[in-house]
Participant: 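Below you will find the structure I want to go over with you.
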Amino acid sequence: MPELPEVETIARFLREGAGNGLAGLPGSRIESCQVLWPRTIASPAPDEFIRRIAGQRVEAVSRRGKFLVIPLSTDTLLIHLRMSGDLRVESGAEPIRKHDRMILNFADNRRLAFNDTRKFGRAWLTADPQEELGNLGPEPLDPGLTTQRFHAMLTTHGRQLKPLLMDQTFLAGLGNIYTDEALYLARLHPLRQAGQLTMKEAARLLDAIRSVLTEGIRRNGASIDWVYRGGDFQNHFKVYGRTGEACPECGTPIQRLVVGQRGTHICPKCQPIR
DNA sequence: AGGGAAACCCGAACGC
DNA sequence: TGCGTTCGGGTTTCCC
């Protein structure tokens, strides 16, 4: 269904057999919308969102970066799950659940529920999705992103490697966990200056990013804390959340540092700063 | 331009 | 046992 390759936990929502039924939405007509936590609606204002989305039909379900992209008859619905967001497609007869923030009721009596414990998730209804998506960097799994191009992107920035990789306008889709795992796989220190990576290191990094994302997708994403259902990638992290445990490669205790205000996990021996 | 801090949130985990 | 505090995930915004 999705044209683009899939990235991390979003992939779970788009895959056949993932069990949440998003793939079955195209063709359904939205009859009404309930907003239970107004701040979930990023734009337009909740009352206009509710008025405008009613009557529109779902044309497709896809993804760009960490956004779910749902083209409707006239507008496009964008959903970002942020930290704790989750989606359910179910019968309208099911009970509303704790932490449900926004509900779409379909004419066929199904419902799409946007559940989000921590209230960070957002939804947009827009005639021009490029307003939100236009600034995103390339897709890491896009074959068109060559080593040469990636290296060229890196060298135009004098920035710490990890914050750059997590910058969605640089590359779309990497979060804290996958970045730590990818840097470990590539044996690169998160504080390295992006601009000084060699072509060889850039190649290693791109390979590592793709391999980490692919494994995350294969495992249906990572369930951090108690937040997500499904995926089991969290049981296969090499460094993330393993402070003090032995590096799988060399046995050195995994170190935790803070980079760009984010908890960062490295093997100090495998990922030397220079 | 890049980096740091704060804000938005909740519930788990921790300290006493 | 129970309470208060800390933490952290993604992103935006503001400030230096």
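Labels below follow one simple rule: chain letters A, B, ... track the order of the sequence lines, proteins then strands, and each chain is numbered from 1. These numbers come from the heavy atoms of this one structure, side chains and all, not from hydrogens, waters or symmetry mates.
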Participant: Can you pull out how bent the helix from dG2(B)-dC16(C) to dC16(B)-dG2(C) is, comparing the axes over its first five and last five pairs, to 10°?
Facilitator: 60°

Participant: Can you sort out the partners of S32(A) under side-chain contact (heavy atoms from CB on, under 4.5 Å), two or more places apart, ordered by chain and number?
Facilitator: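 Once residues adjacent in sequence are excluded, the partners of S32(A) under the side-chain contact (heavy atoms from CB on, under 4.5 Å) criterion are N105(A).
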
Participant: Under the 3.5 angstrom rule, does the side chain of R101(A) hit a backbone N or O of D116(A) as a donor-acceptor pair?
Facilitator: yes

Participant: Look at the side-chain N and O atoms of H99(A) and state whether any lies under 4.0 Å from the OP1 or OP2 oxygen of dC9(B).
Facilitator: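 No, because none of the side-chain N or O atoms of H99(A) sits under 4.0 Å from OP1 or OP2 of dC9(B).
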
Participant: Can you check the L164(A) CG to dG10(C) P distance for me, whole Å?
Facilitator: 16 Å

Participant: Among the nucleotides dC8(B), dC10(B), dG10(C), which one has an atom lying closest to any side-chain atom of H80(A)?
Facilitator: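 For H80(A), the side-chain atoms sit closest to dG10(C).
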
Participant: Starting at atom CE of M166(A), determine the distance to atom C1' of dT12(C), rounded to an integer number of angstrom.
Facilitator: 14 Å

Participant: Does anything in residues 254-264 of chain A come within less than 4.0 Å of DNA chain C? Heavy atoms only, and list the residues if so.
Facilitator: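 When residues 254-264 of chain A is checked for heavy atoms under 4.0 Å from DNA chain C, the hits, listed by number, are R256(A), R262(A), G263(A).
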
Participant: Please enumerate all residues that pass salt bridge (charged side-chain N to carboxylate O under 4.0 Å, His left out) together with R192(A), with sequence neighbours excluded.
Facilitator: E201(A)

Participant: Between side-chain atoms of residues 156-164 of chain A and protein atoms elsewhere (two or more places apart, or another chain), which donor-acceptor pairs fall under 3.5 Å?
Facilitator:
from: T156(A); atom 1: OG1; to: M153(A); atom 2: O; distance (Å): 2.8
from: R159(A); atom 1: NH1; to: D167(A); atom 2: OD2; distance (Å): 2.9
from: K162(A); atom 1: NZ; to: N176(A); atom 2: OD1; distance (Å): 2.6
from: K162(A); atom 1: NZ; to: D180(A); atom 2: OD1; distance (Å): 2.7
from: K162(A); atom 1: NZ; to: G263(A); atom 2: O; distance (Å): 3.2
from: K162(A); atom 1: NZ; to: T264(A); atom 2: OG1; distance (Å): 2.9

Participant: CZ of F120(A) versus C1' of dT11(C): gap in Å, rounded?
Facilitator: 9 Å

Participant: Could you list the residues that satisfy side-chain hydrogen bond (donor to acceptor under 3.5 Å, both in side chains) with E48(A), not counting sequence neighbours?
Facilitator: R52(A)

Participant: F106(A): what forms a side-chain contact (heavy atoms from CB on, under 4.5 Å) with it, not counting sequence neighbours?
Facilitator: L25(A), S28(A), I30(A), V58(A), L104(A), D108(A), R110(A), L112(A)

Participant: Starting the side chain at C-beta, find the nucleotide from dC8(B), dG8(C), dC10(B) nearest to Y240(A).
Facilitator: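 Side chain of Y240(A) sits closest to dG8(C).
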
Participant: Should I70(A) and T76(A) count as side-chain neighbours, where that means a heavy-atom distance under 4.5 Å?
Facilitator: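 Of all side-chain heavy-atom pairs linking T76(A) with I70(A), none is under 4.5 Å.
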
Participant: For the pair made of CG in N135(A) and P in dT13(C), what is the distance, rounded to whole Å?
Facilitator: 12 Å

Participant: Return the value, rounded to whole Å, for the distance between atom NZ of K119(A) and atom P of dC10(B).
Facilitator: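 These atoms are roughly 4 Å apart.
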
Participant: Only counting residues at least two apart or in another chain, list the ones meeting side-chain hydrogen bond (donor to acceptor under 3.5 Å, both in side chains) with S211(A).
Facilitator: none

Participant: In whole Å, I'd like the distance from the CG atom of D116(A) to the P atom of dC9(B).
Facilitator: 11 Å

Participant: Under 3.5 Å, is there any donor-acceptor pair linking the side chain of R118(A) to the base of dC9(B)?
Facilitator: no

Participant: Holding to side-chain contact (heavy atoms from CB on, under 4.5 Å), I want the full list of residues that pass it with T146(A), two or more places apart in sequence or in another chain.
Facilitator: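 Testing T146(A) for side-chain contact (heavy atoms from CB on, under 4.5 Å), a comparison that skips the adjacent residues, returns Q148(A), R149(A).
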
Participant: Roughly, in whole Å, what's the span from CG in L36(A) to C1' in dC9(B)?
Facilitator: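 It works out to 17 Å between those atoms.
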
Participant: Would you say the ring centers of W124(A) and F67(A) fall short of 6.0 Å from each other?
Facilitator: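 Close enough - the centres of the two rings lie under 6.0 Å apart.
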
Participant: State which residues pass side-chain contact (heavy atoms from CB on, under 4.5 Å) with Q261(A); sequence neighbours excluded, sorted by chain then number.
Facilitator: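 For Q261(A), no residue satisfies side-chain contact (heavy atoms from CB on, under 4.5 Å) once neighbours in sequence are set aside.
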
Participant: According to the salt bridge (Lys or Arg N to Asp or Glu O under 4.0 Å) rule, which pairs have a member within residues 247-256 of chain A, sequence neighbours left out?
Facilitator: R187(A)-E249(A)

Participant: Under 3.5 Å, which protein N or O atoms sit close to an N or O of nucleotides 1-3 of chain B? Give each pair with its distance.
Facilitator:
from: dG3(B); atom 1: OP1; to: Q160(A); atom 2: N; distance (Å): 3.2
from: dG3(B); atom 1: OP2; to: R159(A); atom 2: NE; distance (Å): 3.4

Participant: Given atom CG of D167(A) and atom C1' of dG10(C), what is their separation to the nearest angstrom?
Facilitator: 12 Å

